[in-house]
Student: 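Provided herewith is a single structure, encoded as structure tokens, for subsequent inquiry.
Lettering of chains follows the sequences in order, A, B, ..., and the numbering in each one begins at 1. None of the values given here were measured: they were computed from a predicted structure. Reckoned from all heavy atoms, side chains included, excluding hydrogens, waters and symmetry mates.
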Amino acid sequence: MTFLKQESYTRNHRRSGKHIGLLTLSALLALMVLLSACGGTTNTDTGTNSAKKSILTVNQAPKGDNPNNFNPLVNNQTSAYGTQGFLYETLLYTNRYTGKPQGWLADSWTQSDDLKTLTFHIRPNVKWSDGKDFTANDVAFTFNELKTYPDVDLSSLWLNYIQDVTATNDSTVTFHFKTTSTTTLWYIGSQTFIVPQHIWSTISGDPAKYTNTNPVVTGPFVLSKFSAAQITYDKNPKAWTASQDKVDEIRVPAIADNATATLELAKGDLDWLGVAWDPKFDTSYTKKDPAHNHYWFTPSNTVMLYLNTAKAPFNDVNVRKAISDAIDRQELQAKATPYAPPANPTGLVLPAGKAQLTPAYANATFTKDTATAQSLLAQAGYTKGSDGFVHDKSGKKLSMTLIDVTGWNDWVSDTQLIVADLKAIGIDASQSSLSQTAYQTDLQTGNYDAGVSWTDSGPTPYYAYSDLLDSSKTAPIGKVAPTNWERWSDPTTDTLLKQYNSSKDPAVQQRALDGLEKIMVEQLPSIPLSYNPYWYEYTSNHFTGWPAQDNSFAFGYSGNYPDDEYVVLHLTPVK
Amino acid sequence: MRRMISRLGFYVVALWASVTLNFIIPRLMPGSPIEAYLVKMQGQNVSLHTIDALRAQFGLSNAPIFVQYLQYLGNLLHGDLGISISNYPYSVWEVLSSHIPWTIGLVGISVVLSFAIGTLIGIVIAWRRGGALDSTVPPILTFISSIPYFWMALALLYFCGFLHSWFPISGGYDINNVDPGFSFDFLMSALHYGTLPAVTIILGSLSGWVLVMRNTMVTTLSEDYVLMAQAKGLSYRRVIMTYAARNAILPSITSFSISLAQVVGGSLLTEMVFNYPGIGYVFYNAVNNLDYSLVEGCFLIIALAVLAANLIADVVYNLLDPRVRQGEA
């Protein structure tokens with residue numbers, strides 16, 4: 001009864017309802033119009049007041065807000081992008097692509113034959129951006145800061161190498177070393193960024209906590225404006241590189257997500273980017289404007305399948321060989337990592353390491369060979385059981401878990417394919433995807449069977465081999481191994497590494513590398529899979545002169561420091 | 001009054017419990033902030049001493065967990081949330097205060113608008129139930145909100161931002177031409193940049209408000225007191241708003257207060273798709289980097305907001321529903 005009456009009541013007064021509905025709709029419409037109209041006024045193009053200025057917009061890799069920290073002594077993951085390179089510079093520039101060092105803030109250097117003394121001759125007429133002269137005293141001061149505050153000595157220079165450092169006069173600085181090492185030239189010359197003594201000597205306490213928001217620099221750029229959303233650097237007219245520098249302004253917008261970054265790149269809002277690429281981006285990027293939108297992916301380091309050689313059965317070289325032979329690396333590239341070609345069995349990064357490749361391995365490749373893999377397992381004492389898996393003499397099934405990181409999709413797919421390959425030769429393999437910190441912890445502490453991961457890089461193959469194979473960089477299971485996660489501990493390997501590191505003679509060094517390559521191929525301390533590319537995307541809308549296949553003067557990757565500075569100094573604005 | 005005091009006591013206990021959970025949960029995650037940092041440093045040459053140097057830089061404590069807990073409680077009482085490792089050397093408070101205004105501005109306004117618009121639509125279509133609007137609006141809205149949010153957001157971004165440039169594709173304001181601050185230009189720019197993200201949030205959540213409001217409204221409209229109000233000859237507006245809607249809105253108020261509390265947690269997907277400088281991405285990064293202090297700070301803000309929203313809902317219920325007031329007396 002009530003309901004019926006109510007119903008007729010509404011029907012009779014339909015007009016009133018319509019009125020409210022229309023009111024809501026029109027209010028909504030008015031709001032939208034207002035919002036878009038307001039927006040229109042501020043939507044001015046970036047180019048209007050900068051017609052004459054050449055502006056480079058770069059985002060290294062999306063990770064959210066820009067930090068308000070321009071301290072070059074802390075790691076580049078803590079300081080803002082550009083601090084190392086655009087602002088602060090090193091004594092030498094070592095081109096990672098060619099491996100060749102060249103003078104930078106120092107215009108020349110001499111190394112004693114026993115590698116125990118290193119002298120830098122400072123480039124004349126270099127000025128800090130506040131007009132003061134750059135001298136050898138700034139260099140000595142910087143290195144002594146690392147001594148006073150070990151927490152900024154991230155390469156452990158004082159602990160491992162440096163005996164003392166002195167500025168003999170304004171233009172000469174001399175290092176004496178406790179040990180002989182070829183790596184000092186790289187860490188001291190090319191990876192330590194020099195700060196001005198007249199500013200940094202006045203800060204109190206630990207320089208690691210200094211955010212240096214008003215940086216005084218030698219580099220080609222000075223900080224012009226900071227906001228968490230965008231950093232602006234202006235050309236430094238006092239820089240010694242000023243005559244080479246044709247970029248007037250660099251903008252570093254903060255971006256949180258790869259998808260947004262690639263859209264901005266395709267739209268022309270970004271010139272230079274370093275994100276992991278997916279072929280499906282091509283439709284809106286390289287295929288949209290092939291004349292201007294480019295990428296160039298070059299191998300940066302070898303991706304390994306790490307096997308925990310500190311425990312059985314991975315301490316058995318036949319098992320390691322069987323695992324390696326079972327893997328179809330062509331399939332990994334085709335199905336999981338399209339920009340990562342299969343690795344050379346020596347683990348050398350090619351083509352950059354071509355000169356160091358032993359002639360015997362010049363044409364070496366990995367091929368999938370299930371039959372050999374199975375016979376290697378038989379040699380190792382495994383027999384196939386009725387369950388389809390191989391068992392050792394005590395009857396225990398050969399099983400292993402491969403770890404990877406949730407969300408690192410290329411390696412997750414790699415791992416899936418490897419698991420299938422291993423099952424095909426009778427190994428009971430399984431996959432476990434972890435958070436990135438759990439994965440890192442497990443690799444470091446040896447709490448794993450196998451896992452796909454990166455290797456370190458440097459200007460010569462020695463750095464990768466040393467971090468991968470040196471027994472001083474590993475630890476027993478349960479203890480933290482900084483880089484030698486497969487826990488390879490072999491006196492011959494250590495001797496070869498030492499032989500390389502303590503000699504200035506390229507022939508002696510090459511003999512050591514030959515030995516190391518042989519160990520990699522014959523003993524497989526860890527299993528090379530493919531090459532991790534340097535992600536490098538760029539557009540020639542605003543600048544030309546980028547590193548490219550036909551202009552390969554350096555890696556184009558924006559996340560190598562100070563190589564980013566070197567690349568920027570080669571750019572020419574489009575008229 | 002006694003009820004209010006006992007409620008307040010409950011809030012204090014709830015706050016302590018959430019603060020304690022804030023402390024425990026991040027530390028239960030595997031790994032430590034150093035491992036998270038090393039993952040970001042991948043490819044750089046790392047030695048054991050590098051790890052020690054980083055520990056020293058970040059000032060990570062080796063004290064027993066219980067001592068750390070007491071230090072944490074003590075610091076909280078002094079309003080000190082600690083240093084954020086992923087934004088080193090900035091304090092958690094600096095990080096939070098630079099992002100929360102963006103989130104409250106965008107998500108807060110969107111939630112209020114969505115609630116207001118949704119509830120109004122709900123009232124209108126319930127009043128005219130069975131009509132053309134009633135049979136078209138709810139299915140359309142349900143369809144829109146069942147599209148996965150990130151897909152809808154990306155599609156709108158691609159169409160309105162990338163293909164047609166009606167709206168900017170990323171950011172919270174025009175970083176090249178305006179400076180943040182209380183200027184007209186900045187506010188207009190923020191409004192322009194916030195429109196598209198706001199529209200996606202509203203589209204994604206509208207149908208919930210409409211359906212809840214419509215359904216309770218339909219039940220309420222069949223009550224005798226609504227009929228009585230009509231019989232007295234009251235104006236339609238008064239019947240709809242004061243008699244029907246006021247009673248029907250109670251369930252919506254509860255979920256509205258919860259939604260408001262969730263605002264400070266940020267809207268991660270919105271922020272990632274539109275590159276919006278809110279708190280959600282900071283929170284996500286903090287968890288990924290095991291930045292204990294920042295995770296604790298974010299959780300604390302969320303806990304405080306939930307408790308505050310509950311308190312407000314309690315008060316609003318008191319005002320809207322006489323039965324609650326009578327129960328108190």
Side-chain angles (χ1 to χ4, degrees), chain A residues 2-3 5-6 9-10 13-14 16-17 20-21 24 28 35-36 38-39 41-44 46 64-65 67 74-75 77-78 150-151 153-154 156 159 208-209 211 227-230 253 255-257 259-260 263-264 267 300-301 435-438 440-441 454 456-458 463 467 473 480 482-483, chain B residues 29-31 35-51 53 56-57 87-89 98 117 120-121 124 127-128 133 154 162 166-167 169-172 174-178 180 185 188-189 191-192 195 221-222 224 227 230 236 271-273 275 277 281-282 285 288 290:
Chain A
T2 319
F3 181 77
K5 279 197 175 163
Q6 175 67 42
Y9 175 83
T10 343
H13 299 89
R14 189 152 282 195
S16 152
I20 294 179
T24 321
L28 251 178
L35 288 180
S36 41
C38 293
T41 57
T42 51
N43 188 22
T44 47
T46 52
D65 276 1
V74 297
N75 186 266
Q77 294 296 331
T78 297
D151 61 343
D153 187 7
L154 289 172
S156 319
L159 196 80
K209 296 190 166 52
T211 52
S227 83
Q230 179 162 286
I255 300 178
D257 185 53
T260 318
L263 273 184
E264 291 204 16
K267 212 164 178 265
S300 72
N301 67 75
S435 77
Q436 57 183 33
T437 42
Q440 177 80 12
T441 311
W454 64 82
D456 292 345
S457 48
Y463 295 82
D467 280 2
K473 294 178 178 174
V480 170
T483 51
Chain B
M29 296 194 288
E35 271 88 34
Y37 197 87
L38 290 178
V39 172
K40 291 199 287 184
M41 278 175 70
Q42 63 172 273
Q44 301 182 29
N45 312 82
V46 175
S47 71
L48 268 186
H49 305 290
T50 312
I51 298 172
Q57 251 184 40
N87 299 277
Y88 185 82
S98 64
I117 297 170
L120 268 178
I121 297 180
V124 172
W127 186 248
R128 307 182 56 218
L133 269 183
L154 269 176
F162 186 72
W166 295 331
F167 293 100
I169 59 174
S170 97
D174 183 355
I175 47 181
N176 293 319
N177 295 313
V178 292
D185 282 350
M188 281 302 123
S189 177
L191 208 57
H192 181 221
T195 306
L221 281 174
S222 60
D224 285 344
L227 183 67
Q230 288 163 9
Y236 308 128
E271 287 169 24
M272 290 190 74
V273 172
N275 194 29
Y281 189 73
V282 170
N285 256 346
N288 254 345
L290 290 184

Student: Side chain from CB out, backbone as N, CA, C, O: work out which of these in Leu159(A) comes under 4.5 Å of a heavy atom of chain B, or both, or neither.
Tutor: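 Just the side chain, heavy atoms under 4.5 Å.
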Student: Picking from Pro277(B), Ser47(B), Ala36(B), which has the most non-hydrogen pairs under 4.5 angstrom with chain A?
Tutor: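 Looking at each of Pro277(B), Ser47(B), Ala36(B) in turn, Ser47(B) comes out on top.
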Student: Under 4.5 Å heavy-atom distance to chain A, tell me which part of Val282(B) shows up: side chain, backbone, both or neither.
Tutor: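 Contact with chain A involves no heavy atom of Val282(B) at all.
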Student: Heavy-atom pairs under 4.5 Å with chain A: which of Asn87(B), Leu38(B), Ile51(B) has the most?
Tutor: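 Highest number of heavy-atom pairs under 4.5 Å: Leu38(B).
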Student: If I take atom CD from residue Gln436(A) and atom NZ from residue Lys40(B), how far apart are they, to the nearest 0.5 angstrom?
Tutor: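 So the CD of Gln436(A) and the NZ of Lys40(B) are separated by 9.0 Å.
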Student: For the CD1 atom of Ile169(B) and the NZ atom of Lys267(A), what is their distance to the nearest 0.5 Å?
Tutor: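 Separation between the atoms: 5.0 Å.
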Student: Please name all residues satisfying salt bridge (charged side-chain N to carboxylate O under 4.0 Å, His left out) with Lys209(A), sequence neighbours left out, ordered by chain then number.
Tutor: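 Result, salt bridge (charged side-chain N to carboxylate O under 4.0 Å, His left out) vs Lys209(A): Asp206(A).
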Student: Measuring only between side-chain heavy atoms, which start at C-beta, is Val480(A) closer than 4.5 Å to Leu48(B)?
Tutor: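 Contact flag for Val480(A)/Leu48(B) side chains = yes.
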Student: Below 4.5 Å from any heavy atom of chain A, which atoms of Phe162(B) appear? Answer side chain, backbone, both or neither.
Tutor: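 Its backbone and side chain both get close to chain A.
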Student: Just so I understand: if I count every heavy-atom pair under 4.5 Å between each of Thr211(A), Thr78(A), Asp153(A) and chain B, which residue has the most?
Tutor: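 Of the options given, most contacts go to Thr78(A).
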Student: Quick one: of Ser156(A), Ala228(A), Ala259(A), who has the most non-hydrogen atom pairs under 4.5 Å with chain B?
Tutor: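 The option with the most such pairs is Ser156(A).
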Student: For chain B, which of Pro67(A), Gly458(A), Ser457(A) has the most heavy-atom pairs under 4.5 Å?
Tutor: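 Result: the option with the highest number of such pairs is Ser457(A).
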Student: Does Asp151(A) reach the main-chain N or O of Ala53(B) with its side chain, forming a donor-acceptor pair under 3.5 Å?
Tutor: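 Not at all, since once roles are kept as given, no pair shorter than 3.5 Å links the two residues.
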Student: About how many Å separate CG of Asp257(A) and CE of Met272(B), when rounded to the nearest 0.5 Å?
Tutor: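 Between Met272(B) CE and Asp257(A) CG, I get 4.0 Å after rounding to 0.5 Å.
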Student: Chain B heavy atoms under 4.5 Å from Lys473(A): which part of the residue, side chain, backbone, both or neither?
Tutor: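 Lys473(A) has no heavy atom closer than 4.5 Å to chain B.
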Student: Measure the OG1-CG distance between Thr260(A) and Asn275(B) for me, rounded to the nearest 0.5 Å.
Tutor: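 Reported to 0.5 Å precision, the distance equals 5.5 Å.
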Student: Just checking, any donor-acceptor pair under 3.5 angstrom between side chains of Asn176(B) and Gln230(A)?
Tutor: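 The criterion, which ignores hydrogens and geometry beyond distance, is satisfied for Gln230(A) and Asn176(B).
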Student: Tell me, please, which residues at least two apart from Asn75(A) pass side-chain contact (heavy atoms from CB on, under 4.5 Å).
Tutor: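 Counting only residues at least two positions away or on another chain, Asn75(A) forms a side-chain contact (heavy atoms from CB on, under 4.5 Å) with Gln77(A), Leu154(A), Tyr37(B), Met41(B), Gln44(B).
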Student: Do you know which of Ser435(A), Ser300(A), Ala256(A) has the most heavy-atom pairs with chain B at a distance under 4.5 angstrom?
Tutor: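 Option with the greatest count: Ala256(A).
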Student: Calculate, to the nearest 0.5 Å, the distance between atoms CG and OG belonging to Leu263(A) and Ser170(B) respectively.
Tutor: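 So the gap between those two atoms works out to 9.0 Å.
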